[in-house]
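Data first, discussion second: the structure below is written as structure tokens.
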2 protein chains.
Amino acid sequence: MRSNDGSDGDGSGGDGGAAGFEASLVAAGVTFDGRDATLLRAIADAGSVSGAASELGRSRARALSRLETLEDAFGDLVERRRGGADGGGSRLTRGARALLARFDRLAAALAGTAGAAESVFEGVVEGRDGELAVVDTDAGSLRALAVGDPDPAAGDRVQVSVRADAVTLHDPDGTPSADATSARNRFPGDAIGVDRGDAVVDVRVDVGAEEPLAALVTVDSADRLGLHEGGAVVASFKATATRATRSKAAGDADERTE
Amino acid sequence: MRSNDGSDGDGSGGDGGAAGFEASLVAAGVTFDGRDATLLRAIADAGSVSGAASELGRSRARALSRLETLEDAFGDLVERRRGGADGGGSRLTRGARALLARFDRLAAALAGTAGAAESVFEGVVEGRDGELAVVDTDAGSLRALAVGDPDPAAGDRVQVSVRADAVTLHDPDGTPSADATSARNRFPGDAIGVDRGDAVVDVRVDVGAEEPLAALVTVDSADRLGLHEGGAVVASFKATATRATRSKAAGDADERTE
DNA sequence: GGACGTTGTTTCGACATGGAAACAACGATC
DNA sequence: GATCGTTGTTTCCATGTCGAAACAACGTCC
């Protein structure tokens, strides 16, 4: 099992490179990326395609052409008016605003995902229960959502990932609530890393796997638990917040070239 | 507040289009995308760049050129050998395998995130406590991680998002555990949608906001709670699993064009 | 030494992308 | 009717991307 800290040194070059990643929406073979979002926003701000193109240092013909391509794939995005007061103008459709919102959410989700440490377990699927898979890992048996194409079947080697922000920590002597908590994956272990921020704490828990399980909790929670390095703790996370994907095969062919 | 079901009909065109989105890594102005990952994997499989290029229907010269560009940005990726047994060959470096792993994790995380319904609340930041923000929403006051660039400050209008898989449901008559649960955002409400799958249940909870809060729980949990449409339920989610980002301004200029 | 199959490099040509420029059309305003 | 500033459309040109093809170099194997 490995912990992946999403901000581990991608470098900071390039236009979108501050974050080290980019996300885009795809439909009908057309990609809606940050450049397209910028164009739509500039149109909304300027109230016209010509104003937006000028602002962005782009050719109006190309901007219009791009809008047509995007509209073919994503539906109407810009209402364009020729003549009239102000000579004409353009405004975003509801569809455009929805598309931008979706793009923003994707970007935010990615930023949230990339910024959140994620623990990865290696394991083997022991069985399936509908959308859930029971996976045997070094830390013990756990339940996870089977995702990917194709999703993992019994016997498959999988990688199980869980975000640090999905992990809840408990006092090992506490009485677990009888309601939803018994549907959670639970692992007792020892806190081997406790890094305090202003209001949140990064915790690493040795649950018996190769590498520690990462948890992100509030300072309030940590204090309430009396959390300290070396102390015993119980980590839990929902089955539905746990993902199992089939392990990828890259590198298997290396032995052939030796 | 809106719920965003990440799989809401993007269409299924294009190479990566089945999922409706793509993510890529960026370093030094160079983008590492699915096409690059496919090339690296084909090289590992074929044991040579020429074999890989042939398999992919690409020109060898371009594949080699692309590898050089990628290596300038991401470090050594392919060890290439000219002559020798088999005439030569190529193998992936550790760095290449790490890069592929990182790309896969990003893709998997995004797939996991996008496939999970996400509830979005509108709100205003009332105050900050280090990395956490206290946000006033229609559903009530909650705590969330302040993310984005710049991250939200007191007084900012924000969008608060929480994944359905981060939401835990409780019996309203149950005794909350005294440990970590009191650091959670908690909202009582009524289940207005209960859609059962084989092993997981999509639940929508009316918590008093404009749109319902989405939760993804196991069938076991739902049964244990006696969850049914119209029934009272308490929803909770960790502050550290909640994100607050500043609201975007697109569309504000629309009134100017009226 | 010749054969083999790879990497290394270059040239050519086709296609895609995108800015600059120009002409045409539109509808409100004066 | 003329003016204005937008949209609509087209052409031209420069740059970028990428496959096809060819020549060169390499090191093992026969």
Side-chain angles (χ1 to χ4, degrees), chain A residues 14-15 24 29-36 38-40 42-73 76-93 96 253-254 256-258, chain B residues 14-15 24 29-36 38-40 42-73 76-93 96 253-254 256-258:
Chain A
D15 290 344
S24 49
V30 178
T31 299
F32 184 91
D33 64 16
R35 194 164 185 252
D36 299 317
T38 298
L39 175 60
L40 289 184
I43 291 170
D45 286 346
S48 70
V49 174
S50 56
S54 176
E55 276 284 327
L56 299 176
R58 296 178 64 172
S59 87
R60 176 170 57 83
R62 292 290 160 255
L64 283 166
S65 175
R66 180 62 181 166
L67 286 174
E68 282 193 25
T69 299
L70 291 174
E71 290 185 322
D72 285 346
D76 288 347
L77 301 176
V78 177
E79 288 170 2
R80 301 189 276 280
R81 199 184 71 249
R82 177 202 289 210
D86 305 317
S90 298
R91 56 183 291 189
L92 299 192
T93 63
D254 280 0
R256 284 204 327 239
T257 57
E258 302 280 30
Chain B
D15 291 345
S24 48
V30 178
T31 300
F32 183 90
D33 64 17
R35 193 164 188 254
D36 298 316
T38 299
L39 175 60
L40 288 185
I43 290 169
D45 286 347
S48 70
V49 175
S50 55
S54 176
E55 275 284 329
L56 300 175
R58 293 178 67 171
S59 87
R60 177 169 59 82
R62 290 292 157 257
L64 283 166
S65 175
R66 181 63 182 165
L67 286 174
E68 282 193 24
T69 299
L70 292 174
E71 290 186 319
D72 286 346
D76 289 346
L77 300 176
V78 178
E79 288 169 2
R80 302 190 276 282
R81 199 184 71 250
R82 180 200 288 208
D86 305 318
S90 298
R91 56 182 293 191
L92 299 191
T93 63
D254 280 356
R256 281 201 334 233
T257 56
E258 300 279 33

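The figures here come from the full heavy-atom set of this structure, side chains too, leaving out hydrogens, waters and symmetry mates. Each chain gets a letter, A, B and so on, in the order its sequence line appears, and its residues count up from 1.
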Give the rounded distance in Å between these two atoms: CZ of B:Arg91 and P of C:dT6.
17 Å
Judged by each residue's nearest nucleotide on DNA chain C, which is more toward the 5′ side, A:Ala85 or A:Ser59?
A:Ser59
Judged by nearest nucleotide, the residue sitting upstream toward the 5' end of DNA chain D, B:Ala63 or B:Arg60, is B:Ala63
Closer than 3.5 angstrom, by distance alone: can the side chain of A:Asp33 be matched with the main-chain N or O of A:Asp36 as a donor-acceptor pair?
yes
What distance do A:Asp76 atom CG and A:Leu67 atom CG have between them, rounded to the nearest 0.5 Å?
11.0 Å
A:Leu56 has an atom CG; how far is it from atom P of C:dG18, in whole Å?
13 Å
Starting at the 5' end of DNA chain D and moving along, which residue's nearest nucleotide shows up first, A:Gly88 or A:Glu68?
A:Gly88
Sequence neighbours left out, what passes side chain to side chain contact (heavy atoms under 4.5 Å, CB included) with A:Leu64? Give chain and number order.
A:Val49, A:Arg60, A:Arg80
What nucleic acid atoms does A:Gly89 come within less than 4.0 Å of, heavy atoms only: base, sugar-phosphate, or nothing?
sugar-phosphate
Taking the side chain from B:Thr93 and the backbone from B:Leu77, do they hold a donor-acceptor pair closer than 3.5 Å?
yes
Give the minimum heavy-atom separation between A:Glu71 and A:Val78, together with the two atoms involved.
OE2-N, 2.9 Å
Over how many whole Å does the gap from A:Leu64 atom CG to C:dG19 atom C1' extend?
14 Å
Nearest-nucleotide pick for A:Arg62, side chain only, options being C:dA28, C:dA20, C:dA25
C:dA20
For A:Gly83 and A:Arg66, find the nucleotide of DNA chain C closest to each by heavy atoms; which residue's nucleotide sits nearer the 5' end?
A:Arg66
Those residues at least two apart in sequence (or on a different chain) that pass salt bridge (Lys or Arg N to Asp or Glu O under 4.0 Å) with B:Glu55 are none
Between which nucleotides of DNA chain D, 5' to 3', does chain B make heavy-atom contacts below 4.0 Å?
D:dC18 to D:dT28
So what does A:Arg58 touch, heavy atoms closer than 4.0 Å: a base, only the sugar-phosphate, or nothing?
sugar-phosphate
